[in-house]
Amino acid sequence: MQKDNDSGGPSTPSGLTGRLRRRKGSNEVPPEVVKANGNHLLVNDRNKYKSMLIRIYSSVWMIGGFAFIIYMGHLYIWAMVVVIQIFMARELFNLLRRAHEDRRLRGFRLLNWHFFFTAMLFVYGRILNQRLANTVTSDTFLHKLVSGFIKYHMVTCYFLYIAGFMWFILTLKKKMYKYQFGQYAWTHMILIVVFTQSSFTVANIFEGIFWFLLPASLIVINDIAAYFFGFFFGRTPLIKLSPKKTWEGFIGASFATILSAFVLANILGRFQWLTCPRKDLSTGWLHCDPGPLFKPGYSPVPQWFPQWFPWREIPILPVQWHAAGLGLFSSIIAPFGGFFASGFKRAFKIKDFGDSIPGHGGITDRMDCQMVMAVFAYIYHQSFIVAQSVSIEVIMDQILMNLTFEEQRALYMKLEQILQEKVFGES
């Protein structure tokens with residue numbers, strides 16, 4: 001969906017310029033400017049073409065970098081998610097930061113990052129511990145080290161958190177209690193928001209890049225389509241929280257996103273690099289049985305198609321129908337993440353969460369809908385895609401993911417013993 005941060009609104013009336021003051025480094029928007037700019041749709045914006053060029057330029061760079069990281073593989077995508085998390089946390093930490101109070105609380109900012117990296121260790125340790133173990137099975141020393149980390153991972157994270165908790169208590173200062181406890185609560189809310197969605201995102205990545213790339217791409221497509229439909233045709237305001245969003249942009253983007261989902265799934269679903277799950281943290285090429293969802297079937301062309309149409313049957317992957325469902329969610333429900341962010345920014349009287357992306361605002365401004373979509377994509381995959389019945393492949397996956405190397409070897413020896421007893425018993 002097109003964002004509130006589309007620059008190029010009508011210039012501030014000259015009578016207001018003498019009274020407007022902004023704190024240095026702040027992205028706060030004075031109420032007079034909000035009132036002057038809030039009632040104008042993008043279609044009537046005089047400077048909209050300049051805004052569009054800036055937005056397109058930064059979007060091309062982002063999409064190019066994103067495509068390169070996708071090509072590099074699962075581990076690099078995970079690293080990208082970590083970097084995005086750090087930027088989001090930084091932008092959100094700064095929302096309630098007060099320079100005067102912080103100067104009186106030396107090291108207090110460092111405490112926020114202590115909690116952040118403790119949460120990161122806990123979340124990713126839980127998700128990736130067995131994949132890490134599968135990566136170092138050939139090295140005895142590393143395998144023992146990793147096995148020890150996995151065994152004591154939870155208690156390590158707990159005591160790191162307790163250390164931060166004690167640090168916080170010891171830094172409490174008289175007349176600063178309200179600010180410090182507010183920051184403590186704000187930090188934990190940020191950790192919940194950032195790490196809840198990112199844990200689902202990383203899980204999607206290692207289930208197969210397809211289940212990360214398709215939902216993320218649909219949000220981008222919906223955002224771009226809504227921007228351009230609203231840019232050229234937007235006349236009817238959609239919601240008061242986001243005055244520049246229009247019904248024309250919302251409806252046009254919905255059709256474009258669902259159609260793109262159906263087509264894009266057919267393209268992405270043909271590459272094993274994207275569809276195969278990653279069971280370790282290596283970067284090698286992947287080969288696997290893609291499964292029935294990614295094996296094409298052929299549907300006859302409807303009778304009403306023109307005779308000059310070159311194909312009588314169209315190859316369709318079963319996963320395309322699931323992709324259409326993801327497209328429906330990304331175009332109808334996910335934009336409410338953007339509406340929530342718009343209301344949040346209005347509550348804090350800011351235009352954007354940051355200014356790290358020209359024409360777009362901050363990283364958090366780009367991730368509002370992605371957070372909603374990542375959670376849904378994971379739940380959808382686990383509910384409707386993952387095989388619910390027991391099969392040899394499912395059992396093997398569980399063994400590789402949940403048992404250590406020693407446990408796998410013990411299981412192998414036990415199975416060998418049981419099979420030998422059965423063979424001798426039958427003979």
Side-chain angles (χ1 to χ4, degrees), residues 3-5 26-29 81-102 105 107-127 154 157-158 160-173 176-203 241-242 333-356 361-376 378-379:
K3 296 284 180 186
D4 294 343
N5 56 339
S26 171
N27 54 353
E28 198 171 301
V29 181
V81 172
V82 171
V83 171
I84 289 173
Q85 282 183 303
I86 292 172
F87 273 92
M88 287 180 63
R90 178 175 171 270
E91 291 171 358
L92 293 171
F93 283 149
N94 288 337
L95 270 185
L96 290 186
R97 184 176 181 181
R98 296 178 187 170
H100 175 69
E101 283 82 351
D102 283 353
L105 298 168
F108 194 68
R109 288 290 112 195
L110 192 60
L111 181 60
N112 290 340
W113 290 109
H114 171 82
F115 283 124
F116 177 85
F117 286 109
T118 300
M120 180 178 289
L121 179 64
F122 176 76
V123 170
Y124 291 141
R126 298 274 290 179
I127 296 173
M154 188 172 292
C157 293
Y158 175 75
L160 282 172
Y161 178 82
I162 289 298
F165 176 74
M166 294 171 64
W167 180 358
F168 169 74
I169 298 298
L170 293 173
T171 58
L172 289 174
K173 284 192 175 183
M176 302 287 291
Y177 296 152
K178 186 175 181 180
Y179 174 73
Q180 288 180 278
F181 276 99
Q183 288 290 308
Y184 184 81
W186 179 242
T187 298
H188 283 69
M189 195 208 78
I190 291 171
L191 298 182
I192 292 171
V193 170
V194 171
F195 283 104
T196 298
Q197 63 87 20
S198 62
S199 62
F200 289 113
T201 300
V202 173
L241 282 172
S242 302
I333 307 298
F336 280 83
F339 302 153
F340 177 86
S342 297
F344 195 84
K345 288 184 282 187
R346 284 179 175 271
F348 283 89
K349 294 183 174 62
I350 58 173
K351 182 183 177 184
D352 303 313
F353 287 103
D355 56 2
S356 52
I363 297 292
T364 311
D365 293 285
R366 293 290 86 202
M367 292 295 112
D368 45 17
C369 300
Q370 293 284 4
M371 291 190 290
V372 178
M373 190 66 197
V375 177
F376 175 75
Y378 177 81
I379 293 172

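We're numbering straight along the sequence, starting at 1.
- Counted within 6.0 Å of CZ on Phe344, heavy atoms from surrounding residues, nucleotides or ligands total more than 12; the atom is thus considered enclosed.
- Of all heavy-atom pairs between Ser356 and Gly362, the closest is OG-CA, 3.7 Å.
- Atom CG in Leu241 sits 11.0 Å away from atom NZ in Lys345 (nearest 0.5 Å).
- Of all the heavy atoms in Ser199 and Val123, the pair that sits closest is CB-CG1, 3.6 Å.
- Here the CE-OG1 distance, from Met373 to Thr201, works out to 11.0 Å after rounding to the nearest 0.5 Å.
- In this structure, Phe348 and Leu96 have side chains that are in contact, with non-hydrogen atoms separated by less than 4.5 Å.
- The shortest non-hydrogen separation linking Gly337 to Val372 is CA-CG2, 3.9 Å.
- The backbone N or O of Val193 sits nowhere less than 3.5 Å from a side-chain atom of Thr196 that would complete a donor-acceptor pair.
- The environment of CZ in Phe87 is sparse: at most 12 heavy-atom neighbours from other residues, nucleotides or ligands sit within 6.0 Å.
- Formation of a donor-acceptor pair under 3.5 Å by the Glu91 side chain with backbone atoms of Gly354 is not found in this model.
- Annotation: ring pair (Phe, Tyr, Trp, His ring centres under 6.0 Å) contacts of Phe168 (sequence neighbours excluded): Phe181, Tyr184.
- Residues Gln180 and Thr171 come closest through the heavy atom pair NE2-O, 2.9 Å.
- Residue Val194 comes nearest to Met88 through the heavy atom pair CG2-CE, 4.4 Å, listed as atom of the first residue, atom of the second, then distance.
- Atom-to-atom distance recorded for Ile127:CD1 and Phe122:CZ is 10.0 Å, nearest 0.5 angstrom.
- Between the CG atom in Leu95 and the CZ atom in Arg90 there is a gap of 12.0 Å [rounded to 0.5 Å].
- Taken from CZ in Phe340 to CG in Asp368, the straight-line distance is 10.5 Å, to the nearest 0.5 Å.
- Tyr179 is listed as a side-chain neighbour of Gln183, based on a closest heavy-atom distance under 4.5 Å.
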Open item on the list: Working note: Phe376 + Ile379, criterion side-chain contact (heavy atoms from CB on, under 4.5 Å); need CA distance, chi angles, decisive distance, verdict.
Closed with: CA-CA 5 Å; Phe376 175 75; Ile379 293 172; 5.5 Å; no
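- Remark: Ile169 pairs with Phe165, Leu172 by the side chain to side chain contact (heavy atoms under 4.5 Å, CB included) rule, at least two apart or across chains.
- Shown here are the salt bridge (charged side-chain N to carboxylate O under 4.0 Å, His left out) partners of Arg109, two or more places apart in sequence or in another chain: Asp102.
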Check residues 113-121 and write down every donor-acceptor pair under 3.5 Å in which the side-chain atom is one partner and the other belongs to a residue at least two apart or another chain.
residue: His114; atom: NE2; partner: Leu160; partner atom: O; Å: 2.7
residue: His114; atom: NE2; partner: Gly164; partner atom: N; Å: 3.4
residue: Thr118; atom: OG1; partner: His114; partner atom: O; Å: 2.8

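- Closest of all the heavy-atom pairs between Gly338 and Cys369 is N-SG, 3.6 Å.
- Under the side chain to side chain contact (heavy atoms under 4.5 Å, CB included) criterion, Tyr378 pairs with Phe200, Ala203, Asn204, Gln382, sequence neighbours left out.
- Remark: Gln85 pairs with Tyr124, Ser198 by the side chain to side chain donor-acceptor pair (under 3.5 Å) rule, at least two apart or across chains.
- Within the model, atoms CD1 of Ile363 and CG of Asp355 stand 11.0 Å from one another, a figure rounded to the nearest 0.5 Å.
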